[in-house]
Amino acid sequence: MTASSPFITLSNGVKMPAVGLGTWQSSPEEVMAAVKAAVKAGYRLIDTAALYFNEEAIGTAIKELIDEKVVTREELFITTKAWSNEIAPGKLEPALRNSLKKLQLEYVDLYLAHMPAAVNEDMSEAVNSPVEDVWRQFDGVYKAGLAKAVGVSNWNNEQISRALSTGLTPVHNSQVELHLYFPQHEHVDFCKAHNITVTSFGTLGSPGRVNFTLPNGHKPEWAPAPSELQDPNVLAIAKEKKKTPAQVLLRYAMDRGLAIIPKSVHENRIKENFELFDFTISQEEIAKLEKSKISQRLFLQDFMIGHPEDPFADERK
Ligand code: NAP
């Protein structure tokens, strides 16, 4: 029997699996095999985005899995995200319909604003669309039934507060960079206080980020960062519990009440990253793991510098 992930309940009652498969940097060929291996291993949540250029392949994999009766649509939880040029005024609903067409779905389970900063079609210019206006568009697609839940990604607390102040659909989920060396306690506390669930991305420290190449061939610079998979406290707990360092890092986030979406295109790691339900990391062990006190954002999202809705403007000062 395959294991199954526990769930996290969103404020509208929708149940989101606590463990999903990340797909950033997974090519269409890789993602087809990865999604199939993941669903067969018990995963039900798949995290993608228009910007990952793999929605079509994920749609094909899902259709085949449903046709083969491995899983039903209702059992799956599909998250996708609107890129910055898709949150500009009037762009969101057509963008979501386009993603749905690629995914061969009638609805997504969670639709996220990938970033808070709107840009024009070819991303050459900022579009001054305040987050309140962006959120109005999310309220629209939610009420149209195109998404079972809606949320944000890479938004700061003040921006989320402004979305909430519209009094429209609440923000159901916030997906942020969060890992042992960037624990985001303030953001998690803020979200808990507002009944917003949190998804951690980069939970393993995103070791593959350095290989990222933009569609135009440009390879962004990444600041050097220590490997969390080699952290001495992680290694000690892994040895003690007979688990791998990756499993300790993933369970660290889960035991803080967060959803996780580790990415891999290798079947052995996909399985390893789901073998998390036979151990826990206690509050004392979380405190021990956090002793290094490193807090380093890896994803700087420089393209938003100077934008009126740059979420990290204060951190950049
Ligand atoms: P991650 O999940 O922390 O790390 C993925 C990297 O770790 C890949 O290079 C993978 O390589 C490797 N890996 C996977 N399992 C491993 C294991 N058990 N042992 C050792 N190495 C392992 O980083 P991420 O992909 O940056 O983040 C996860 C997901 O979050 C993304 O895929 C995406 O869906 C989402 N995300 C969202 C945003 C956002 O702005 N909202 C930004 C970044 C990511 P292999 O594939 O070669 O196994």
Side-chain angles (χ1 to χ4, degrees), residues 17 19-27 29-31 33-35 37-38 41 43 45-55 57-58 77-84 86-87 108 110-117 151-156 173-182 184 187 198-214 220 222 225 227-231 234-235 238 243-254 258-276 296-304 311-312:
V19 185
L21 178 74
T23 66
W24 177 49
Q25 293 181 287
S26 304
S27 70
E29 299 71 37
E30 288 171 332
V31 92
V35 168
Y43 288 71
L45 188 169
I46 310 294
D47 181 87
T48 182
L51 191 77
Y52 302 168
F53 304 107
N54 58 19
E55 289 174 309
I58 291 175
F77 190 104
I78 310 300
T79 302
T80 195
K81 315 181 192 86
W83 186 241
S84 282
E86 298 178 322
I87 60 169
V108 285
L110 178 61
Y111 196 41
L112 302 175
H114 206 149
M115 301 283 159
V152 299
S153 182
N154 302 297
W155 289 34
N156 67 31
N173 184 258
S174 171
Q175 185 179 121
V176 287
E177 175 183 343
L178 190 157
H179 40 92
L180 181 59
Y181 290 169
F182 195 59
Q184 294 258 37
H187 185 69
V198 177
T199 303
S200 147
F201 75 71
T203 325
L204 300 172
S206 195
R209 70 191 182 285
V210 291
N211 304 321
F212 180 58
T213 311
L214 284 161
W222 296 88
S227 165
E228 298 173 43
L229 289 161
Q230 285 161 24
D231 177 279
V234 171
L235 295 178
K243 286 285 166 182
T244 66
Q247 289 167 333
V248 170
L249 288 171
L250 297 173
R251 195 70 226 196
Y252 154 79
M254 275 184 82
L258 315 173
I260 54 169
I261 44 172
K263 173 263 177 184
S264 180
V265 293
H266 296 103
E267 189 172 353
N268 58 334
R269 285 177 170 174
I270 290 171
K271 286 183 177 158
E272 174 187 335
N273 296 345
F274 201 70
E275 284 163 8
L276 302 173
Q296 182 180 7
R297 189 185 283 285
L298 302 173
F299 290 77
L300 301 176
Q301 313 291 7
D302 296 4
F303 82 96
M304 289 188 281
F312 311 141

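Remember, it's 1-based here, ligands and their atoms both numbered in the order they're listed.
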Give yes or no for whether the N/O distance cutoff of 3.5 Å, strictly under, is met between [X] and ligand 1.
| X | value |
| --- | --- |
| F299 | no |
| L204 | yes |
| P207 | no |

Do [X] and [Y] come close enough that some side-chain heavy atom pair is under 4.5 Å?
| X | Y | result |
| --- | --- | --- |
| Q247 | L276 | yes |
| L298 | H179 | yes |
| Y111 | T80 | yes |
| S200 | Q184 | no |
| N54 | S27 | no |

Which of the numbered atoms in ligand 1 are below 4.0 angstrom from a heavy atom of [X]?
| X | value |
| --- | --- |
| Y52 | 33 (C), 34 (O), 35 (C), 36 (N), 37 (C), 38 (C) |
| H114 | 39 (C), 40 (O), 41 (N) |
| H266 | 45 (P), 47 (O), 48 (O) |
| T203 | 3 (O) |
| T23 | 32 (O), 34 (O) |
| G205 | 3 (O) |
| E272 | 18 (N) |

Among all protein non-hydrogen atoms, which one is nearest to [atom], and what is the separation to 0.1 Å?
| atom | value |
| --- | --- |
| atom 2 (O) of ligand 1 | K263 N, 3.0 Å |
| atom 26 (O) of ligand 1 | S206 OG, 2.6 Å |
| atom 12 (C) of ligand 1 | R269 NH1, 3.8 Å |
| atom 41 (N) of ligand 1 | S153 OG, 2.8 Å |

Query raised in the report: Does the ring center of W222 lie less than 6.0 Å from the ring center of F212?
Result: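 No.
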Report task. Please lay out, stage by stage, how E228 and V234 fare under the test side-chain contact (heavy atoms from CB on, under 4.5 Å). Result -> CA-CA 8 Å; E228 298 173 43; V234 171; 5.8 Å; no
Requested in this report: Flag the pair D47 and K263 as a salt bridge only when some basic side-chain nitrogen lies within less than 4.0 angstrom of an acidic carboxylate oxygen.
Outcome: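 Salt bridge absent between D47 and K263.
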Requested in this report: Give the ring-plane orientation class for W24 versus Y52, where under 30° counts as parallel, over 60° as perpendicular and anything between as tilted.
Outcome: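 Plane angle between 30° and 60°, so tilted.
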Query raised in the report: Does R209 have a heavy atom less than 4.0 Å from any atom of ligand 1?
Result: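 Outside the 4.0 Å threshold, so no.
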Requested in this report: Please state whether Q25 comes within less than 4.0 angstrom of ligand 1, counting heavy atoms only.
Outcome: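 The answer is no, since Q25 has no heavy atom less than 4.0 Å from ligand 1.
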So which bit of [X] gets within less than 4.0 Å of ligand 1, heavy atoms only: side chain, backbone, both or neither?
| X | answer |
| --- | --- |
| I261 | both |
| A246 | side chain |
| E177 | neither |
| S264 | both |
| T48 | neither |

Requested in this report: Applying side chain to side chain contact (heavy atoms under 4.5 Å, CB included) between T23 and each of T79, I261, V31, report the one that passes.
Outcome: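 Considering T79, I261, V31, a side chain to side chain contact (heavy atoms under 4.5 Å, CB included) with T23 is found only for V31.
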